[in-house]
Trainee: 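Structure below; questions to follow.
Letters A, B, ... mirror the listed sequences (proteins, then strands); counts begin at 1. No hydrogens, no waters, no symmetry mates; every other heavy atom, side chains included, goes into these values.
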2 protein chains.
Amino acid sequence: MNAAAPQGYDPHAFEPFAVTVDLAVFTVRESRLHVLLVERGEDPYKGHWALPGGFVLPSESAGTAARRELAEETGLTEDTVPSLHLEQLGTYSEPDRDPRMRVVSVAYAALVPDLPEPRGGGDAASAQWWDAGRLGTLAFDHDLILADARARIGAKLEYTCLATAFCPPEFTLGELQQVYETVWGVELDRPNFRRKVLATPGFVQAVEGPPRRTGGRGKPAALHRAGAATALHPPLLRPEGRST
Amino acid sequence: MNAAAPQGYDPHAFEPFAVTVDLAVFTVRESRLHVLLVERGEDPYKGHWALPGGFVLPSESAGTAARRELAEETGLTEDTVPSLHLEQLGTYSEPDRDPRMRVVSVAYAALVPDLPEPRGGGDAASAQWWDAGRLGTLAFDHDLILADARARIGAKLEYTCLATAFCPPEFTLGELQQVYETVWGVELDRPNFRRKVLATPGFVQAVEGPPRRTGGRGKPAALHRAGAATALHPPLLRPEGRST
DNA sequence: CTAATAGTGTCTCTCAGACACTATGGT
DNA sequence: ACCATAGTGTCTGAGAGACACTATTAG
């Protein structure tokens, strides 16, 4: 920021950068991690699937652009989007990552509960959920971005209360455990998971009314809501795990 | 990435973004956390102190630009810079963060051992170490970037072996403990710290020769080198601590 | 000698993993 | 009756906090 710009500060005097956002939108469907992808209709990588995203407009920050794109691609109203978890992942800036011009992309990860169906109203008519475990090669460097996003989400489940972001407003502890098992790809001991979650103040709070719900057959489970806590101390480490 | 660019993809048809890198370079000096700052000689915030940084050149990725700037500002040779810890922090993109034009900045955090003196050879003649606990207001949004950087570094000490990046090639366990105490601003129990560090395979390795060294008076301490491990399992949580 | 730092040993409490067991629903 | 899921209780071992103690240097 202190060095002189090439050719000074004339905005049009040097080759400009385009700045975009790319979104890795995750959900858990049927005990599998899913990612929202769009099919490219234009030529670089035409027909390939890519992370949803778009240009940062002159009046926007990258975060604002990411929220806007998230609303467009998921078809959610502007009311519900602010409550979704959206976090900046990192910025991808290799000079040749887009063959057309110099594009620097700020990647975001978003966690949403299992939505009815994507089908956004925007230009994302082809947006679709894909099983994150059975993907082909994505456009641009989106394989790398997606891998980084999955690693980040998996690590954050260990030391934050983020898992509730994958759940509907009211959920059972079994569903919450499913989130961990799905994202980490491991099986957890139910009694121990229960003990840990309930022993962490503010992670979940029981919904008082005796209303219960089932996820098929078996005993109905008590419902919970996400609590106020965001951090998990001590962390809930994944078995055999490595972090970051 | 899928949406059409404003005015299509003509690089000069829309208002361009400049992309810069900003560096939060940390070291531990005399049991205090220090940050490398440069004094601005040009007008926006002229005379204020700022994080070192500069423009990403057309042929560079942001990471490459950050390494180049790090070498320039610290005055280190290109040989030693690759061994330093440099990690991307996040991207700052508020539309009004630079009054001159639209500048998106990718922030990096770097950890270096206590260097003789900065005095870079580049345009950073005014680069200087500042006690991170006694800073005024920095230029642009660098206060925010610096706060984020400190939070990130503090959190990463918990679950990675990063602390050795602040130490010279050979160090005593007392010096390593000083790093934790300085960054976290707490006091740790020496026997417990020792036990934890030595019980983590690959965190540090004892230097065989009986050479020892002192940090003043007292019994000389055995020397260690950084080990091959990068993650810390289980983590070394800071007392009373919160993460992230 | 004392001050200061390095290093060892030990007790206790917390907590995670393993797992046996009971409870309550659907089929 | 049987199965599947929810929920409880208990044992054990790993590890962190607290802290007493010894060892080795400078002054």
Trainee: Quick check on DNA chain D: between B:D189 and B:P234, whose nearest nucleotide comes earlier from the 5' end?
Mentor: B:P234
Trainee: Find the distance A:E187:CD to C:dA18:C1' and express it as a whole number of Å.
Mentor: 14 Å
Trainee: Provide, to the nearest angstrom, the distance between the NE2 atom belonging to B:H233 and the P atom belonging to D:dA16.
Mentor: 13 Å
Trainee: In terms of the angle between their ring planes, are A:H142 and A:F140 parallel, tilted or perpendicular, with boundaries placed at 30° and 60°?
Mentor: tilted
Trainee: Output the distance between atom CZ (A:R194) and atom CG (A:D189), rounded to the nearest 0.5 Å.
Mentor: 12.0 Å
Trainee: Would you mind reporting whether B:L198 and B:L173 have side-chain heavy atoms less than 4.5 Å apart?
Mentor: yes
Trainee: When you compare the side chains of B:D22 and B:S105, does any donor N or O come within less than 3.5 Å of an acceptor on the partner?
Mentor: yes
Trainee: Rounded to whole Å, how long is the line connecting atom CZ of B:R238 with atom P of D:dA16?
Mentor: 16 Å
Trainee: Nearest-Å distance, CG (B:L188) to C1' (D:dG17)?
Mentor: 11 Å
Trainee: Roughly how many Å is it from CZ in B:F193 to P in D:dA18, rounded to a whole number?
Mentor: 16 Å
Trainee: With sequence neighbours excluded, what pairs up with A:P169 under the side chain to side chain contact (heavy atoms under 4.5 Å, CB included) test?
Mentor: A:R225
Trainee: From the list D:dC19, C:dA16, C:dG7, which nucleotide is the closest neighbour of the side chain of B:A221?
Mentor: C:dG7
Trainee: I'd like a list of close polar pairs between nucleotides 21-24 of chain D and the protein, N/O only, cut-off under 3.5 Å.
Mentor:
unit_1 : atom_1 : unit_2 : atom_2 : d
D:dT24 : O2     : B:K219 : N      : 3.4

Trainee: Restricting to side chain to side chain contact (heavy atoms under 4.5 Å, CB included), what partner residues turn up for B:A132, sequence neighbours left out?
Mentor: B:L33, B:V35, B:R150
Trainee: Using distance alone, with no hydrogens and no angle criterion, decide if B:D148 and B:Y92 have a side-chain donor and acceptor under 3.5 Å apart.
Mentor: yes
Trainee: Nearest nucleotide by nearest heavy atom, which residue falls closer to the 5' end of DNA chain D, B:P191 or B:L236?
Mentor: B:L236
Trainee: What does the list of N/O pairs under 3.5 Å between the protein and nucleotides 10-13 of chain D look like, with a distance for each?
Mentor:
none

Trainee: List, one per line, each side-chain donor-acceptor pair under 3.5 Å for residues 83-91 of chain A, sequence neighbours excluded.
Mentor:
unit_1 : atom_1 : unit_2 : atom_2 : d
A:S83  : OG     : A:T80  : O      : 2.7
A:H85  : NE2    : A:E87  : OE1    : 2.7
A:E87  : OE1    : A:K156 : NZ     : 3.2
A:E87  : OE2    : A:R152 : NH1    : 2.8
A:Q88  : OE1    : B:T91  : N      : 2.6
A:Q88  : NE2    : A:Y108 : OH     : 3.4
A:Q88  : NE2    : B:T91  : O      : 3.1
A:T91  : OG1    : B:T91  : OG1    : 2.3

Trainee: Between C:dT14 atom P and A:L237 atom CG, what is the distance in whole Å?
Mentor: 19 Å
Trainee: So does B:K196 get a side-chain nitrogen or oxygen closer than 4.0 Å to the phosphate oxygens (OP1/OP2) of D:dA16?
Mentor: yes
Trainee: Could you state the CG-P distance from A:L223 to D:dT5, rounded to the nearest angstrom?
Mentor: 17 Å
Trainee: Going by the rule side chain to side chain contact (heavy atoms under 4.5 Å, CB included), which residues pair with B:T200 if we only count those two or more places apart in sequence or in a different chain?
Mentor: B:K196, B:F203, B:L232
Trainee: Atom CD of B:E181 to atom P of C:dT5: distance rounded to whole Å?
Mentor: 11 Å
Trainee: Does a side-chain N or O from B:R217 land closer than 4.0 Å to OP1 or OP2 of D:dT25, or not?
Mentor: no
